[in-house]
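Let me begin by presenting the structure, written as structure tokens, before commenting on it.
Side chains are part of it too, since the values below use all heavy atoms of this structure and drop only hydrogens, waters and symmetry mates.
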Amino acid sequence: MRRKPIAVFDRGQVNLLDEIIVDNFAGGGGASTGMELATGRTVEIAINHDPDAILIHRTNHPHTRHFRASVWDIDPREVCAGRPVGLAWFSPDCKHFSKAKGGKPVDKNIRGLAWITLRWAGTVRPRVIILENVEEFQTWGPVRHGRPVKKKSGETFQKFIGQLKDLGYDVEWKELVAADFGAPTTRKRFFLVARCDGRPVVWPQPTHAPRYSEEAKSGKLKPWVSAAEIIDWSLPCPSIFDSKAQIKEKYGITAVRPLAEKTMRRAIRGVDQFTIKSREPFLLMVNHREDGRDRTLPALAPLPTVTATHGLGVAEPVIAPVQVSNTTNSVGTPADMPVHTVTTAGNQMLVCPALTAIGQTGGGDRVRDIREPAHTTVSKAEDCVIGASLIQYHTEQSERVRGQTIHDPIMTIDAANRYGLVGASLTKYYGSNECGQDVKGPLHTITAKDREGVMAANLTKFYGGVVGAPVTEPTPTITAIDHNAVTVAHMMEMYGTSIGRGVDDPAGTVTAGGAHHAIIATSVVPAGVDANLGHWPEVRSLLNKYCGYDLKDDELLLLQIEGGWWFIQDIGLRMLTPRELYAANGFPPDYIIDHDFTGKEYGKSKQVARCGNAVPPPFATALVRANLPEWCSKKITTMEEFEREVAV
């Protein structure tokens with residue numbers, strides 16, 4: 001029977017004596033990229049039935065011969081033309097094995113694509129074979145009426161392994177995590193390595209480990225690459241409360257609004273977990289450091305040298321006496337401003353913070369006015385601010401009747417018992433849903449780790465369409481109205497029950513659907529009597545609705561950051577861009593994704609689909625270096641470096 005026509009593209013000069021590399025199911029080019037960066041050799045043959053996959057692959061791998069066809073329509077002997085195959089890579093379609101498919105029917109023909117491996121093994125006998133798939137590939141078994149037969153789970157997989165061994169291959173398999181090899185994604189995949197040259201299968205040793213692991217702490221391995229390092233912090237992150245028209249006017253971009261209820265729930269639960277209750281926030285330097293070191297700093301780490309151009313830090317609000325009116329929605333005014341309208345209820349009061357020491361520092365009075373010098377600074381942080389005062393809520397107009405500092409003698413106490421204590425609450429933003437405690441109660445357990453801090457990604461400016469500036473740059477001009485805020489960010493994942501993860505961790509698995517990863521940017525501003533509450537009422541409503549809070553209309557949830565009190569003013573959301581998704585999957589920064597080799601624009605949906613279907617290149621690089629070290633004498637990290645290496 002006549003075979004279907006195959007589209008073949010030209011390539012450059014080749015050495016007919018060398019072993020070649022073949023990439024079946026080439027997709028977006030992840031495996032090919034990893035193999036080329038590891039070896040400095042071009043992938044000789046790439047096969048895929050999808051014309052869009054061939055387009056992006058040919059754009060980035062112009063020296064490869066591309067075959068746009070089903071893998072079953074390719075004759076290995078014909079395309080190899082007698083040349084020995086040193087390495088053959090197989091990444092058969094995995095969606096009919098993946099648990100992400102849920103209860104949908106499976107296609108046994110697609111599940112059977114892995115059999116093509118045996119065809120290559122039995123004809124051109126590649127020296128090394130590597131097969132990649134999802135973890136569930138090991139459950140490969142018979143299908144009946146579109147459903148895998150549970151009792152026969154794994155039977156077909158074992159037959160597949162047996163036939164490879166019958167062909168003279170030593171076979172091993174293992175599950176690997178991309179983050180362990182330097183990719184900023186936690187993608188976990190099944191790998192099978194088979195070889196027929198008498199050498200043992202070698203598994204690559206991890207180069208990275210979770211940042212809290214002993215290996216990373218001791219310096220034995222590098223910490224996992226964080227998502228923060230591949231996110232473009234300069235891009236605008238529109239408010240989840242703004243309309244389409246408002247976003248268009250502010251940023252000149254089109255965004256999906258209003259957001260679905262599920263999205264709003266995920267967003268606020270992520271803010272609750274990663275902003276309000278964050279255990280280990282960190283400072284992020286978003287500019288490039290000249291020494292090339294990690295730009296992500298733990299909150300407790302020493303700051304780098306502060307220069308005129310590298311002003312890392314956050315602004316601390318000045319603590320001053322405040323007038324407060326306990327009327328609805330009033331947040332007060334500075335003490336040097338005129339008093340609010342005096343009503344018959346006598347609602348005005350004065351809040352004057354004081355300093356105290358909570359350790360064993362010296363003797364005498366540990367409470368003092370905020371204007372006095374602080375206590376002796378020792379190895380432990382013992383000084384704290386008490387935002388408390390005494391008020392007298394009579395309606396008389398006599399001098400000092402409204403309030404006093406807590407270390408002054410109490411005024412005359414009468415039968416009416418009109419004295420009250422204005423006390424700041426202690427906020428605990430980690431652990432359970434408990435958001436704080438009364439100032440009269442005992443302190444929460446003080447642990448060895450300071451739980452206060454901020455992941456300050458960038459400074460956000462709420463005027464003139466400006467989207468922000470890195471915290472490593474000088475603060476913009478301070479105007480009469482405070483426009484600067486610290487952005488606390490985390491990643492939102494829109495699949496399953498996940499709400500996301502901190503940006504100090506690697507990104508989750510990038511799928512072909514793509515629209516699963518978003519950045520949530522929480523804008524926090526200093527709490528002050530003249531602070532613009534912004535979208536705090538909407539934030540409060542979401543916290544109450546989805547996170548178990550019971551915040552009243554006149555209550556403000558405060559976060560202690562760098563010794564000052566801040567509150568959440570806004571929440572922004574944007575989806576990760578295709579470029580960020582490719583970076584998360586470990587592709588080199590100069591991998592071309594936005595146009596094909598003819599210069600025609602390559603659509604975003606196609607970009608994302610190819611990325612989700614691609615093998616993270618660090619997987620392929622690590623496996624090839626471990627099993628074919630004789631090919632891997634040079635370290636190549638970009639496509640430009642590779643092009644120089646293979647230039648004729």
Check against side-chain contact (heavy atoms from CB on, under 4.5 Å), Glu601 and Asp594:
CA-CA 6 Å; Glu601 181 181 353; Asp594 58 353; 6.0 Å; no
Say whether, by atom type as modelled, one donor and one acceptor occur between the side chain of [X] and the main chain of [Y] under 3.5 angstrom.
X      : Y      : answer
Arg257 : Ser239 : yes
Thr275 : Asp272 : no
Arg111 : Trp140 : no
Gln569 : Asn532 : yes
Tyr602 : Asp52  : yes
Asp590 : Thr638 : no
Asn585 : Cys611 : yes
Ser541 : Pro537 : no

Residue set satisfying ring-ring contact (aromatic ring centres under 6.0 Å, His included) with Phe181, at least two apart, ordered chain then number -> none
Going by the angle between their ring planes, with limits at 30° and 60°, are Trp536 and Phe567 parallel, tilted or perpendicular?
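Rings of Trp536 and Phe567: perpendicular, over 60°.
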Can you confirm whether [X] sits close enough to [Y] that some side-chain heavy atom of one is under 4.5 Å from a side-chain heavy atom of the other?
X      : Y      : value
Thr263 : Met492 : yes
Tyr549 : Leu557 : yes
Thr33  : Asn60  : no
Pro588 : Thr637 : no

To the nearest 0.5 Å, what is the distance between [atom1] ([X]) and [atom2] ([Y])?
X      : Y      : atom1 : atom2 : answer
Arg269 : Tyr546 : CZ    : OH    : 8.5 Å
Leu623 : Trp89  : CG    : CH2   : 5.5 Å
His61  : Ile56  : NE2   : CD1   : 8.5 Å
Phe619 : Asp180 : CZ    : CG    : 8.0 Å

Please say which of Trp173, Phe190, Phe90, Phe191 ends up in a ring-ring contact (aromatic ring centres under 6.0 Å, His included) with Phe137.
Phe190
Using a strict 4.0 Å threshold on nitrogen-to-oxygen distance, state whether Arg610 and Asp50 make a salt bridge.
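A salt bridge links Arg610 with Asp50.
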Salt-bridge contact Asp242-Lys250 (side-chain N to carboxylate O under 4.0 Å):
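Salt bridge between Asp242 and Lys250, a charged N being under 4.0 Å from a carboxylate O: yes.
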Regarding Thr577 and Glu580, is there a side-chain donor-to-acceptor distance under 3.5 Å anywhere?
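Note: Thr577 and Glu580 side chains meet the donor-acceptor criterion.
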